[in-house]
2 protein chains.
Amino acid sequence: MDEKDDFALQDFLPYLLNRAAEESSLGFQKHYKNRYGMLRTEWRVLFHLGNYGQMTAKEIGSRAKIHKTKISRAVAKLAEKRFVTRTRDESDRRAEHLALTPAGEAAYKDLREHALEFDTQICARFTSGEVAILRYMLRNLAGIEP
Amino acid sequence: MDEKDDFALQDFLPYLLNRAAEESSLGFQKHYKNRYGMLRTEWRVLFHLGNYGQMTAKEIGSRAKIHKTKISRAVAKLAEKRFVTRTRDESDRRAEHLALTPAGEAAYKDLREHALEFDTQICARFTSGEVAILRYMLRNLAGIEP
DNA sequence: GGATATTAGTTGTTTTTGTAACTAACAAGG
DNA sequence: CCTTGTTAGTTACAAAAACAACTAATATCC
């Protein structure tokens, strides 16, 4: 329709990244959505607590770059589901330490299993060298240290 | 906190992909948002029309994997801004062919320029071989043919 | 040709997100 | 102490997305 320049939409990285992210999310979503009625932010919070152990909402936010209002709501839902407990920090009574309950731990482990399987399935399409490069590049793009 | 298995959240591909996608989107967003008051779906539609030429809403939807209601609303906004025209297909009066107006074309070219620059900037952090692998893998993950 | 099913696109309603303003606790400086 | 500023987290309201139900045109098949 015009002088095509050297621009091709299907090579534009933000576009490609979003398409790939949406596609892969869709695949994994059904695990936490159907089985536990969770939202994306909820499983992220759950995974952070399961993976790194007890921490505060603020900490999760800065690690995962999620806005505090989203975390607040996710934590409320997870607490409602009895997946996390909140305990006030006695030396700074604004903060509260979040931790998984046994039920939360169980859900985490179950989902982690599926995540691992899902990840393995994705990687199977590529060589291990390619996957290593992909992870390295995505971490860089996401602003996560090595 | 527990037997860590061999699972690391920060290596989980759907997570990494989403973080990277969000980060890169944020960077490009300001161009179409601040300068043209567009939403993500709007620039995607604009880009499709600019890049591939006239087509129907249905076609954009299947190419970009965007739901028809999102497209419908994006097209309405773009038409409001006088960036696209809609012309009924005479042989199938349900469908309409969307095309850029000169103003739409101008906006597209302007944004394409910024997109290209933004993309180049991202790629500069990596070797060209790495970038080629990344694009290839993302296309695959996004379900876009080679 | 006429009932039935499909398809292109729109509209309405409910969820989810984004943004801003808020409360409560702490921190500093005077 | 007691103003002023900052921080952790929540709440309220506006914008956007998801999902379902709709209209109108066309296809199908008896």
Side-chain angles (χ1 to χ4, degrees), chain A residues 18-19 21-23 25-30 32-34 36-46 48-49 54-81 84-99, chain B residues 18-19 21-23 25-27 29-30 32-34 36-45 48-49 54-81 84-99:
Chain A
N18 270 288
R19 291 275 315 257
E22 275 164 31
E23 194 63 30
S25 287
L26 227 60
F28 184 59
Q29 188 182 35
K30 62 176 182 300
Y32 59 80
K33 194 174 180 184
N34 295 349
Y36 297 98
M38 285 189 201
L39 254 31
R40 201 156 57 106
T41 308
E42 289 170 58
W43 84 253
R44 282 201 190 181
V45 168
L46 187 87
H48 272 265
L49 295 174
Q54 164 174 311
M55 71 179 81
T56 105
K58 165 94 214 242
E59 255 173 294
I60 297 177
S62 69
R63 270 186 195 258
K65 281 204 187 125
I66 302 177
H67 194 269
K68 59 182 180 172
T69 62
K70 269 166 94 171
I71 297 198
S72 174
R73 293 195 253 246
V75 169
K77 295 260 185 149
L78 288 171
E80 212 174 275
K81 291 188 178 77
V84 312
T85 56
R86 338 164 74 140
T87 38
R88 280 248 163 282
D89 181 320
E90 279 311 317
S91 71
D92 180 349
R93 303 170 46 69
R94 288 169 303 182
E96 53 188 14
H97 299 282
L98 307 167
Chain B
N18 271 287
R19 291 274 316 255
E22 273 162 32
E23 194 63 31
S25 285
L26 227 61
Q29 188 182 35
K30 62 177 184 296
Y32 60 81
K33 193 172 181 186
N34 294 348
Y36 296 99
M38 284 189 201
L39 254 33
R40 199 156 60 106
T41 308
E42 289 170 58
W43 85 252
R44 281 202 190 180
V45 168
H48 271 265
L49 295 174
Q54 165 174 313
M55 73 178 79
T56 95
K58 166 93 213 236
E59 254 173 294
I60 297 177
S62 68
R63 270 185 195 260
K65 284 207 186 120
I66 303 177
H67 195 268
K68 58 183 181 172
T69 61
K70 269 166 94 171
I71 296 196
S72 174
R73 284 171 168 131
V75 168
K77 294 261 185 146
L78 289 172
E80 213 175 89
K81 291 187 177 78
V84 312
T85 56
R86 340 165 72 140
T87 39
R88 279 251 161 286
D89 180 319
E90 278 312 316
S91 70
D92 181 348
R93 302 171 47 69
R94 287 169 304 182
E96 54 187 12
H97 299 282
L98 306 167

Is it true that Glu42(B) and Lys81(B) have a side-chain N and a carboxylate O under 4.0 angstrom from each other?
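A salt bridge is present here (some side-chain N lies under 4.0 Å from a carboxylate O).
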
Provide, to the nearest angstrom, the distance between the [atom1] atom belonging to [X] and the [atom2] atom belonging to [N].
| X | N | atom1 | atom2 | value |
| --- | --- | --- | --- | --- |
| Lys58(A) | dC26(C) | NZ | P | 16 Å |
| Gln29(A) | dA17(D) | CD | P | 16 Å |
| Leu26(B) | dT19(C) | CG | C1' | 14 Å |
| Met38(B) | dA16(D) | CE | C1' | 17 Å |
| His67(A) | dA21(C) | NE2 | C1' | 12 Å |
| Ile71(B) | dA17(D) | CD1 | P | 13 Å |
| Lys68(A) | dT17(C) | NZ | C1' | 16 Å |
| Lys77(B) | dT10(C) | NZ | P | 14 Å |

Working to the nearest 0.5 Å, report the span between [atom1] of [X] and [atom2] of [Y].
| X | Y | atom1 | atom2 | value |
| --- | --- | --- | --- | --- |
| Glu96(B) | Thr85(B) | CD | OG1 | 9.5 Å |
| Ile66(B) | Arg19(A) | CD1 | CZ | 8.0 Å |
| Leu49(A) | Glu59(A) | CG | CD | 10.0 Å |
| His48(A) | Ile71(A) | NE2 | CD1 | 8.0 Å |

Please state whether the phosphate of dG9(D), meaning OP1 or OP2, lies under 4.0 angstrom from any side-chain nitrogen or oxygen of Thr56(A).
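Checking Thr56(A) against dG9(D): at least one side-chain N or O falls below 4.0 Å of OP1 or OP2.
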
Phosphate oxygens OP1/OP2 of dA18(D): is one of them under 4.0 Å from a side-chain N or O of Lys70(B)?
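So the side-chain polar atoms of Lys70(B) do come within 4.0 Å of the phosphate oxygens OP1 or OP2 of dA18(D), strictly under.
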
With no hydrogens and no angle check, just 3.5 Å: does a side-chain donor-acceptor pair link Asp89(B) and Thr56(B)?
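Side-chain D/A pair, Asp89(B) to Thr56(B): absent.
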
Is any side-chain heavy atom of Asn18(A) closer than 4.5 Å to one of Arg40(B)?
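In short, these two side chains touch, coming nearer than 4.5 Å.
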
Mind checking whether Lys65(A) and Glu22(B) have side chains closer than 4.5 Å, heavy atoms only?
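The answer is no; the side chains never approach within 4.5 Å.
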
5′-ward residue of the pair Lys33(A)/Arg86(A) relative to DNA chain D:
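Nearest nucleotide further toward 5': that of Arg86(A).
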
Of the residues in residues 88-96 of chain A, which ones touch DNA chain D at a heavy-atom distance under 4.0 Å?
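When residues 88-96 of chain A is checked for heavy atoms under 4.0 Å from DNA chain D, the hits, listed by number, are Arg94(A), Ala95(A), Glu96(A).
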
Dump the pairs, protein N or O against N or O of nucleotides 12-15 of chain C, anything under 3.5 Å, distances to one decimal.
from, atom 1, to, atom 2, distance (Å)
dG12(C), N7, Arg73(B), NH2, 2.9
dG12(C), O6, Arg73(B), NH1, 2.9
dG12(C), O6, Arg73(B), NH2, 3.0

Please work out whether the ring planes of Trp43(A) and Phe28(A) are parallel, tilted or perpendicular, with thresholds of 30° and 60°.
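Aromatic pair Trp43(A)/Phe28(A) classed perpendicular.
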
